[in-house]
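The model shown is predicted, which means the values in this text are computed figures rather than measured ones.
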Amino acid sequence: MTVWSKVILHTTILSIASIKLLMGQNYEITLPEKLNYGTNRYEVLGTNSDGIVTMNAGKNSHSIALYSYDMKMKWKKPIALKEIGFVNIGKVILTGDSAIVFYTIQARGITFLKAAKVNHQFMLIRSSIVVDTLATSTLLSVPKMSYSVSFLKKRFLIYYDDLNVGERKKMHAYCLDEWLNVNWEISYTATDFMESQIITAEIDDSLHSWFLFGENQVKNFHNDFPFNKNMMVCYNESTQTFSNTITEQYGMIFTEPLLKHDFTNHQLIVAGLYSNSPGNESNGIFINRYSLNGKLLSKKQIQFSTDLLTNLSGNNPPKRNDGFYFFHPSEMIVKKNGGVIFLAESHTVSTESFNSSGYGSFGGSSSLTVNYYHYDEIIACSISDTSGMEWNQVLHKKQQTESDGGIFSSYALVVAPTELILVYNDFSGGTNVLSSFIMKADGKVTRTEIFNADKKGLLPVSKAGQQISPNEIVIPSLKKGYLQYLKLLF
């Protein structure tokens, strides 16, 4: 055999081995588990030193499961909260080999918000504490709790809107440390707004918390742009004072924005979509930057280009009715240089009614309404630290499902060291193929098929996926009443 033949043979063997590695051992799947009645939450909590932690929960039941890294179940059990009454788990946050559990419980007609610290076996380390009394009667509604965690998981923020009729604009917030000490509790009323709405919040590991409010005065049917103003509220723990900054732009209205902390430049970044009129069509991206004390540093609107619209619609030049319809902010990744990659996904709901004339002489007419959930293209934009557009891209997909709330649509995001990976169900070929978009730092995108999910008996809930390492993600799968967890390695 010649030297050249040996080189070709060696290269061929390496290529075959690489293909087998790529197509074979890049995922692990748990055994199917029959779902209990009433279970409606399937969460990947993250990892500890023992393995991968997941939670299945319903209104009055919950269980924690621990899996090894090859997705073999080690154990499964309820959290040992030692409570008597109806417990509803709100949030579980892993902190190394322990966890903080926030939950509500009804006792003697009173609803309490409580917090507990548990070990890696989810046994109580210390007695739970009462954070707040939410309702004094079973007839009163319980507000929706929202949570934020500091970067080092040393501080935890819980906030919610007051449901009392006379206090509709008041927000309540609590800050706890890792040992469940309540550092502070506050109430804040956005008196500068007529129709204030708390959108999101962030907390750091030292002194600051930030709350983003919107002025929800844009009342219009099928309007994706409800806010005409945003307010950044900063709470300084050392001085126990608030400061706020209102941002608006004449003639523009905004979607619900995203809020992220830029640790490199010590700033806060708020970004979303804007429009010049109520409806479904976006005209571009707005991006605001704030100092840590909540002061506005810069604001900018970036209009979508004709080239991007051509990429979206496939028409060059774009036709009159082409536009960026039904897009909503989905992700914002802060880059090391202070720039961001902003993602927005198009999704909407359509309905169709079917009439039936009944049966026989005594049959009455009836109708059936079916909801269709559409999750389609994704816009990806790289924006510099000075809020200039570096590149933009359209990721083309079409996802339509029926009467399922869209649970199996949208995507999971993996922020890898040198690329972004978006995992989604591709229903377009008549079968479900789990696929991915791989986006490089320069905006170049490739699409790959991971495997045929139908042949493996899987129906992944991609948007419930949780990244557990720089190149791994765990995604729940629900099919025919059975739950499995899928771990992907990229």
field: Qualifying ring pair (Phe, Tyr, Trp, His ring centres under 6.0 Å) pairs, either residue in residues 396-424, two or more places apart
entry: Tyr424-Phe437
- prompt: Is there any ring pair (Phe, Tyr, Trp, His ring centres under 6.0 Å) pair reaching into residues 449-483, and which pairs are they, with sequence neighbours excluded?
  reply: Tyr27-Phe451
Return the set of residues passing side-chain contact (heavy atoms from CB on, under 4.5 Å) with [X] (not counting sequence neighbours), or none when no residue passes.
| X | value |
| --- | --- |
| Thr264 | Asp262 |
| Leu94 | Leu45, Val53, Ala99, Phe122 |
| His374 | Thr348, Ser350, Tyr372, Asp376, Gln400 |
| Ser428 | Asp426 |

message: For Tyr274 together with Phe254, are the ring centres under 6.0 Å from each other?
response: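 No, the ring centres sit 6.0 Å or more apart.
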Partners meeting salt bridge (charged side-chain N to carboxylate O under 4.0 Å, His left out) with [X] (sequence neighbours left out):
| X | result |
| --- | --- |
| Asp454 | Lys479 |
| Lys440 | Glu419 |
| Lys335 | Glu390 |

Which atom of [X] lies closest to which atom of [Y], heavy atoms considered:
| X | Y | value |
| --- | --- | --- |
| Val142 | Leu163 | C-CD1, 3.8 Å |
| Ser410 | Lys397 | CA-NZ, 4.3 Å |
| Ser477 | Leu459 | OG-N, 2.8 Å |

Kindly check if the number of other-residue, nucleotide or ligand heavy atoms within 6.0 Å of [atom1] ([X]) is above 12?
| X | atom1 | result |
| --- | --- | --- |
| Lys74 | NZ | yes |
| Lys34 | NZ | yes |
| Tyr69 | OH | yes |
| Lys77 | NZ | yes |
| Phe151 | CZ | no |

Under a 3.5 Å distance rule, please check whether [X] uses its side chain to pair with a backbone N or O of [Y] as donor and acceptor.
| X | Y | result |
| --- | --- | --- |
| Ser275 | Pro278 | no |
| Ser150 | Lys154 | yes |
| Ser330 | Leu343 | yes |
| Asn471 | Phe490 | yes |
| Ser436 | Ile438 | no |
| Glu202 | Lys260 | no |
| Tyr375 | Ser346 | no |
| Ser384 | Gly388 | yes |
| Asn280 | His222 | yes |
| Asn265 | Gln267 | no |

- prompt: Please, which pairs that meet side chain to side chain donor-acceptor pair (under 3.5 Å) have at least one residue in residues 86-96, sequence neighbours excluded?
  reply: Thr95-Ser98
message: Is there a salt bridge (charged side-chain N to carboxylate O under 4.0 Å, His left out) between Lys487 and Glu472? Walk through the geometry before answering.
response: CA-CA 7 Å; Lys487 187 184 76 168; Glu472 289 177 297; 3.3 Å; yes
field: Qualifying residues under ring-ring contact (aromatic ring centres under 6.0 Å, His included), relative to Phe326, sequence neighbours excluded
entry: none
field: Partner residues of Phe156 under the ring-ring contact (aromatic ring centres under 6.0 Å, His included) criterion, sequence neighbours left out
entry: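 ring-ring contact (aromatic ring centres under 6.0 Å, His included) check on Phe156 returns nothing, list empty.
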Carboxylate-amine/guanidinium contact Glu178 Arg155, below 4.0 Å: no
task: Could you verify whether a donor N or O on one side chain and an acceptor N or O on the other, from Thr369 and Thr351, lie under 3.5 Å apart?
output: no
- request: Decide whether Glu402 and Asn371 meet the rule of one side-chain donor and one side-chain acceptor closer than 3.5 Å.
  value: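 Distance-only check fails for Glu402 and Asn371.
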field: Pair Phe324-Leu309, side-chain contact (heavy atoms from CB on, under 4.5 Å): steps then yes or no
entry: CA-CA 7 Å; Phe324 296 88; Leu309 183 55; 3.9 Å; yes
Answer yes or no: is there a side-chain heavy-atom contact under 4.5 Å between [X] and [Y]?
| X | Y | value |
| --- | --- | --- |
| Val270 | Met232 | yes |
| Gln393 | Asn311 | yes |
| Gln399 | Glu345 | yes |
| Phe102 | Thr104 | no |
| Phe225 | Met252 | no |
| Ile287 | Val340 | yes |
| Pro476 | Leu483 | yes |

task: Please test Leu31 against Gln484 for side-chain contact (heavy atoms from CB on, under 4.5 Å), starting from the C-alpha separation and ending with a verdict.
output: CA-CA 6 Å; Leu31 293 174; Gln484 293 175 267; 5.8 Å; no
- request: Could you walk me through whether Glu83 and Lys114 pass salt bridge (charged side-chain N to carboxylate O under 4.0 Å, His left out), step by step?
  value: CA-CA 11 Å; Glu83 296 279 9; Lys114 303 185 75 173; 2.8 Å; yes
